[in-house]
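Everything below concerns the one structure shown next.
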Amino acid sequence: MTWWQRLRNTERVEAQLDAELRFDYDQRVAANIRAGMSESEARRAACLVFGGMEQVKEECRDARGTRWLHDLWQDFRYALRTLRQNPGFAAVAILTLALGSGATTVMFTVIDSVLLKPLPYPQPDRLVTLNEATEKYGDTFRLSYPDFIDCKRDSRSLASMAAWSYGGGTVSKPGAAEYVASREMSSEAFSVLGVTLVQGRAFLPAEDRLGAPPVAIVSSRLWQQRYAGSPSAIGAPLVFDGRPYTIVGVAPAGFQLDGEADLFTPLGQDTDPRMQNREAHFLPVVARLRPGATLAAAQNDLAPIGHRLAQQYPKSNAGFGFKVHPLLEAAVAGVRPMLLLLLGAVSLVLLIACINVASLLLARAVSRERELALRVALGAGRGRLARHALTESAVLALAGVALGILLAAFGVRPFVAFWPGALPRSAEVHLDWRVLLFALAVSLLCGILFGLAPALRAPVRELEQTLRAGARSMPGGSRRLHSGFVISQIAIAVVLLVVAGTLARALLRLSSLDPGINVRNVLVARVALAPRVLANPAQTRAAWNDVLDRARAVPGVKSVALADIIPMRAGENALGYWTTPAAPPLNQAPISLASGVTPEYLKVMGIPLRKGRFFTDQDRTGNEFTVVIDEVLAQHAFGQTEPVGKRLFVQAMGPTTVVGVVGHVRHWGIANDDQAPIRDQLYYPFAQVPDPLMPLFSRVMSMAVRTGVTPLSVVEPLRRALRGTGGDQSLYEVRTMEQLASGSLARQRFLMLLFGIFAGLALLLACIGIYGVLSYLTSQRVPEFGVRMAIGASARDVIRLVLRQSVGMVFVGIALGILVALAAGSLLERLATGTRPTEPLTFAAMVSVLAIAALFASFLPARRASRIDPMSALRQE
Amino acid sequence: MGEKKDVWQGTLALMVLKTLDVLGPQHGYGIARRIEQISENLLAVNQGTLYPVLIKLEQEGSITSNWGTSDNNRRAKFYTLTKSGRKQLQAESRHWRQTTAIIDRFFAPEKAL
């Protein structure tokens, strides 16, 4: 029999053992009788040799080697029985643990899927991204197309490199016209990532250049929707932004290049002037390291290429170099600190939960001291008792964590959906065996953590004293341990409360900041023009004017404007500027946000005009180039002198005249604008954008509408009005400015909400902990209080006595908590802009909340102690 | 009866194996009796020692057990030596002879004196 069979057939094994031994015994008795003894004598003699049936059986059971399993099973059933006797205790403990471990499991699931798991490509650790960097602004620059081509040609350490750019347009054939997100990509994009197409092929190098036949790769979604997933789609025609394309491939479902797209076209075919411009940094680049090449080797390899380009093209490339980052790191860099902060917070909650259960268990262990002493007296070993206590806490921990996993399974999706902005790799977030392993480890850790104190308390010495003294004795060590539990709970609660309070204050302060525009009743949306007008700049301009006229005619619309960038929404355009005709190299020029707008923009957005004028219809091509600057740029460029009428030399525009100064707009979001590297802002007339740039601008232009009614109520009328004569003009990404403004505080709000929940939970748990421990400590002192009251102490004296004990613990806990909170504050300041590390008011408010709650929790047991009847208390002794 | 000696630690297993080798399949009582007889009743086999040894030997694979019928028609558990048990017995008895030979040599000169 294997040990497993033996374990499973315990009863049969026991019966067989019994039969075997009984046979032996009977044989002996029979032999003795044969030898001439009387029956009773024979039995006595046999017993003497045998030495006791039960002892023999015990020896045999030990010999089987499955003893520990039997004991475990026994402990397990015993633990279940004790827990069932105390359903209240069990429920509180399990629920506490479930909340703590559930929150921790959710955070770990997200961290595991987003930060830890390798990207879903072959050999993902070889994938890197490339940026261009200057000393002043860091590696925030994407690559320009000529730089990308040079880098690809000259690099030795990178096996392959691909660039791509964002885009979008209208697919009008086959099927109805629809705006889709698209990407232009160099021919190597799929091979660099190691992605195979489900149908057809990737772009050929020969197709990745000007004048090559227009080819396209479609997403699986588009393929299913417009070609019914048929293989005959390869070679089929497709009309995108009015141009006919031939489909050569289908991308796998879920394929992403920084978000999903439905159409991919060769980057090299793009005729836009920015493709030839080394100053246009717009291409994200992904590359694969050559086998054996390290990140450092790649960095060293690219440095001379950067130097050479800087010498060769000083005007555009001086001061620029290349910087390599692992792709995974670059993809998740934005969310890593926040995820880790949240993991820290939930771990604290879990820790409080464990401490809570530990103090509950310890209190019970102390009151069960007599029972334990009795067991020792009956022959139980210390190890056996400790094992028993640990089993009980392990059962609690397992039950709690199992429930926690269940909570996490339901909680992960809402958490991801609630994440402010886009969580990278969010589609990959799900519970898997790694998470289960983590949860199992957590539960074991919890079990040991809070089971250890009671386990180590198993009495061995002074047994008879314990037995005689009864349950009322209270060793000092256990009292210290209890105080330690309360103190650490309070300290942790202080930390979480202070962080939550700091975030709340920051949010309040930020919400009251002026965004620089009047966000009420403004609607913004991107407009996809009818594809056929994009080929001809004159027609494009006419189409835009038509859009403005049509929108203005919609009832409820007060004024309409166009703009290429919208405050507090992703997508920026920044240009270098200077005040003298002799231009410095680009990397030394100050940089300003630059927005091409139509004359009514100021009115629509409600931006205050400080000096001069805003644009009129006269500011158009052919007339003098004009710009309007904001007060920040005015201060930087002109200081105290009058800016209106001055010349400003803007990158890619040349000399312009400043005609007005307007208020600063918190473009980077209400919270982030103060810290943004680029705060200067300038506006130029959309009508002065030169013809060659019209197609590019037309792809990114947005419409802003000020309404006299609720802005969302005009969305449908606007959509209908703008459909155009061909019915192929559409609105997309429709938002109100209020949505964008509140979205710019989403991170602060998200953190505040979560920390609010954590802090509330911590406060509740800490109060339960204080209440439990004090009730317990007080009940241990009932006889003492009885004596005190018998010799004249008043109820108030007793209350004071109990409260003094708790005030001491609360005070130490708060002091410790404040120290940790100070350290946490500076960390928080870096993560959520707008928070300040030390705010005495917040500290004071949060600490008093905690102190009041803690005192209330300790007042209940204190009052109970004051109401005991001295006579009965004394009789208990 | 009080003069009987307990079996020395570790030698009981060897005795059990040898008994099974000589007698063939045998139940626990039979093994105990045989050891007592061979020792001419100088050894007392404690059941609390014998049965755990039988369990250990079975777990190690040196012996197997089957339920059968005893001489007096009662169901009893019979132990049989396995192939590996026989090998173990050979190795152990060689080892035992060596040990006793060495011990003998230690005591021989003293006798000679």
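We name chains A, B, ... by the order of the sequence lines, and we start the count at 1 in each one. Treat the numbers as computed from the prediction; the structure is a model and nothing was measured.
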Side chain to side chain contact (heavy atoms under 4.5 Å, CB included) partner of A/Phe108, the single match among A/Thr104, A/Thr105, A/Asp112
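Exactly one pass, corresponding to A/Asp112.
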Distance-minimising heavy-atom pair for A/Glu20 and B/Trp67:
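The answer is N-CH2, 4.1 Å.
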Please report the closest heavy-atom contact between B/Phe78 and B/Ser70, naming both atoms and the distance.
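Heavy atoms of B/Phe78 and B/Ser70 come nearest at CZ-CA, 4.0 Å.
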Which region of A/Arg61, side chain (C-beta onward) or backbone (N, CA, C, O), has a non-hydrogen atom less than 4.5 Å from a non-hydrogen atom of chain B, or is it both or neither?
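Looking at A/Arg61, nothing touches chain B.
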Residue part contacting chain B, namely of A/Gln55, when any heavy atom lies under 4.5 Å
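Answer is neither: A/Gln55 stays 4.5 Å or more from chain B.
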Does the pair A/Asp26/A/Arg22 count as a salt bridge with the N-to-O cut at 4.0 Å?
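Looking at A/Asp26 and A/Arg22, the cut-off is not met.
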Salt bridge B/Lys56-B/Glu60, side-chain N to carboxylate O under 4.0 Å:
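No salt bridge links B/Lys56 with B/Glu60.
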Determine which residues belonging to residues 391-402 of chain A lie within contact range of chain B, meaning some heavy atom pair is under 4.5 Å apart, and list them by number or answer 'none'.
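Against chain B, none of the residues of residues 391-402 of chain A fall inside the cut-off of heavy atoms under 4.5 Å.
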Count the heavy atoms of every other residue, nucleotide or ligand shown that sit under 6.0 Å from CZ of A/Arg434, and state whether that count exceeds 12.
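Enclosed.
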Pairs under 3.5 angstrom only: tabulate donor-acceptor contacts from the side chains of residues 23-31 of chain B to other protein residues two or more places apart or in another chain.
residue : atom : partner : partner atom : Å
B/His27 : ND1  : B/Gly30 : N            : 3.0

